[in-house]
Every structure is written in structure tokens, then in C-alpha cells.
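Okay, structure first, notes after.
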Amino acid sequence: MSDFRPVWLLPCYRHGEALAKRLPALCATGVPVWVVDDGNAPPLAFAPVPGGDVRVVRRERNGGKGAALLTGAQAALEAGFTHALQLDADGQHSLEDAQGLIAAAAAEPEILHSGYPLFGPEVPKARLKGRNLTRWMIRLETGLRHEDAQCGCRAYPLAKLLEVAKHIRGRRMDFDIEVIVRWVWAGGRIKPFPVHVAYVPGGVSNFRMVRDNVAFVRLHSGLLAERLCRLLFRRRAQ
């Protein structure tokens, strides 16, 4: 595809040290790397990577993963990029899968390639149960099976992402789930991309048990109600 111009777009909050160790490998893919500093204090700064193209997009206040991604997405589209390649900044996603994500997006650029996590034995069982529940909810909300709606390894067509985002309320960790549902509702296609995921003991987590779980409950309640209304109006129109 002649107009395929990807950029690594990496929201980062409190994971600057972990991300810095991964920048050389990301730069080695030949794709520019944009880090969205989501209100870190002090602001993020990285040592130059020889031969690499690294830019930091600064948000003065922490707005959440979804807000940071959209800030970077708007800037990247205006700079002429067509696709955003996303990995979580905390180092959980294997960099060995990075080239595969680029190849998948280049081969099918109109599709949202969404990570399907391949977990090791160290993954907390509670996390697996939570993800399985989310998969079940996604099926109710879209009528389609989806492998995972909480994996932060993705390749987004930028123009479509920003269009769909106009209807997305969540801006923190609930964003990852809502964008999947609304992408399907907007007629977009999604394809699972297998990515190896490792849980590092003692790693910094931005997940807030009460705040984020409450946000998930509110999100799914709203999406299910909206899905029901869509189905009812469709039947009346027939």
C-alpha cells in the first residue's frame, strides 16, 4: 500500500523507565516512535536513539490511556501518518511480535488489528476471569465473537479511529473496550493479532481496582442498553 505510513503511538504514564529500555528495539522496526506523555511529573525525556526517530507529545494533565491515545492520534494524522501502532508502555507485550503487527496492518490497512494475548503461566487467574467476562459482554453488545477487548497491542487506521472516537465516552482503561464495540457498530472490521504477554512481578500498574471496575460496569450497562435500543428500532423499521 503506497500511502501506508505507520507510527508507533505509545501512551505513557509512570512507565517512562520501562519504555526507555524498549525504544531501541522499536526504532529498529524502521517506524517512527511517538510517546504520549500523559501528565508525568517530571515530564518524560529520553536519551537519543542512534538512527531512531523518537518524539514526545506532551499532555500537561493526566487524562487516561484513551485520552492520551487520541491526543497522539490527532497529531499523527495531521502530520501525515495513516496508522497508529500501539503497545503498552509497561513492557508486557513482546517486541518480537512488533514486525508482525506492522506487516498485518500493511497487508490489510482498513482493518483494526487488535491483540489477542498469549499469556504465560504467571498470569493472575483473576485477570483471566475478568477478561473472559469482558469477552462475553462484547459478544452481547456486538453479536460477534472477539478474542480480547482489553489488550493494548493494536494497529488503528487513524482516520477511522478519530471518527469512531467522536462517539466514545470513556477516556481511561474503559476506552480499549468501548472502541471495539463502537468500531463494530460503525461497520468496521476487526481482526485478532496474536501477541505474547508477560506479567512482570513488581511492575507499576495504573489499574485502579474501584475506579476502573466501576467504569467497566457503567460502560457495559450503557452499551447493552444502547444495543437493545438499536435492535428495537431496527425491528420497528422493518
Side-chain angles (χ1 to χ4, degrees), residues 4-106 113-115 117 150-158 161-162 165 171-173 175-176 179 193 195-208:
F4 177 67
R5 291 195 60 207
V7 60
W8 287 109
L9 199 57
L10 311 174
C12 185
Y13 180 63
R14 303 200 306 159
H15 292 131
E17 184 176 347
L19 181 56
K21 298 176 182 178
R22 298 164 68 82
L23 289 180
L26 287 170
C27 289
T29 65
V31 174
V33 179
W34 284 21
V35 178
V36 184
D37 179 348
D38 190 21
N40 288 278
L44 295 177
F46 300 102
V49 178
D53 181 3
V54 180
R55 173 182 172 181
V56 177
V57 179
R58 171 74 177 170
R59 287 175 53 89
E60 291 303 323
R61 296 183 63 182
N62 176 259
K65 182 179 179 181
L69 178 68
L70 293 178
T71 294
Q74 184 64 54
L77 187 66
E78 293 173 358
F81 293 104
T82 61
H83 288 71
L85 308 175
Q86 182 188 355
L87 293 176
D88 284 348
D90 59 7
Q92 289 187 355
H93 300 137
S94 172
L95 292 177
E96 295 180 358
D97 298 315
Q99 288 289 5
L101 183 63
I102 297 170
H113 296 269
S114 183
Q150 293 179 280
C151 185
C153 173
R154 293 178 179 174
Y156 289 103
L158 278 169
L161 170 62
L162 291 170
R171 286 295 183 268
R172 293 189 178 275
M173 292 189 178
F175 177 90
D176 280 346
V179 71
F193 174 81
V195 58
H196 294 83
V197 179
Y199 276 83
V200 181
V204 176
S205 174
N206 292 323
F207 184 81
R208 296 295 177 263

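Side chains included, hydrogens not; waters and symmetry mates left out as well; all remaining heavy atoms used. As the structure is a computational prediction, the values presented were derived from the model and not from experiment.
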With sequence neighbours excluded, what pairs up with E96 under the salt bridge (Lys or Arg N to Asp or Glu O under 4.0 Å) test?
none

Partner of D176 under side-chain hydrogen bond (donor to acceptor under 3.5 Å, both in side chains), chosen from Q150, Q86, K65
K65

Answer yes or no: is there a side-chain heavy-atom contact under 4.5 Å between L85 and T29?
no

Is there side-chain contact between L70 and L162, with heavy atoms separated by less than 4.5 Å?
yes

Could you state the interatomic distance from NE2 (H93) to CG (L101), rounded to the nearest 0.5 Å?
10.5 Å

How close do V36 and A68 get, counting heavy atoms only, and between which atoms?
CG1-O, 3.4 Å

Does CD belonging to E17 count more than 12 external heavy atoms closer than 6.0 Å?
no

To the nearest 0.5 Å, what is the distance between CG on L9 and CZ on R154?
13.0 Å

At what distance, to the nearest 0.5 angstrom, does CG of L77 lie from OH of Y156?
15.0 Å

Mark yes or no for whether D97, through its side chain, and G100, through its backbone, hold a donor-acceptor pair below 3.5 Å.
no

Verify the distance criterion only: is there a donor paired with an acceptor across the side chains of R5 and T82 at less than 3.5 Å?
no

Can you name the closest pair of heavy atoms from P24 and V49 and give their distance?
CA-CG1, 3.9 Å

Short question: side chain of R58, backbone of N40 - any donor-acceptor pair under 3.5 Å?
yes

Minimum heavy-atom separation for S94 and V195, please, with both atom names.
N-CG2, 4.3 Å

Please give me the minimum heavy-atom distance between A79 and W34, naming the atom from each residue.
CB-CH2, 3.8 Å

Rounded to the nearest 0.5 Å, the CZ atom of F4 sits from the CD1 atom of I102 at a distance of 7.5 Å

Give, for atom CG of L10 and atom CG of L69, the distance between the pair rounded to the nearest 0.5 Å.
9.5 Å

Contacts of R55 that satisfy salt bridge (Lys or Arg N to Asp or Glu O under 4.0 Å) - sequence neighbours left out:
none

Taking all non-hydrogen atoms of both residues, which atom of P48 and which atom of P50 are closest, and how far apart?
O-CD, 3.7 Å

Start with the C-alpha distance between R59 and D38, add both sets of side-chain angles, then the distance that settles side chain to side chain contact (heavy atoms under 4.5 Å, CB included), and finish with yes or no.
CA-CA 5 Å; R59 287 175 53 89; D38 190 21; 3.0 Å; yes

Is it the case that the side chain of D37 and the backbone of P43 share a donor-acceptor pair, with hydrogens and angles ignored and the cut-off at 3.5 Å?
no

For residues P117 and V197, report the shortest heavy-atom separation together with the two atoms involved.
CB-CG2, 3.6 Å

Can you tell me how far CG of D88 sits from NE2 of H15, rounded to the nearest 0.5 angstrom?
8.5 Å

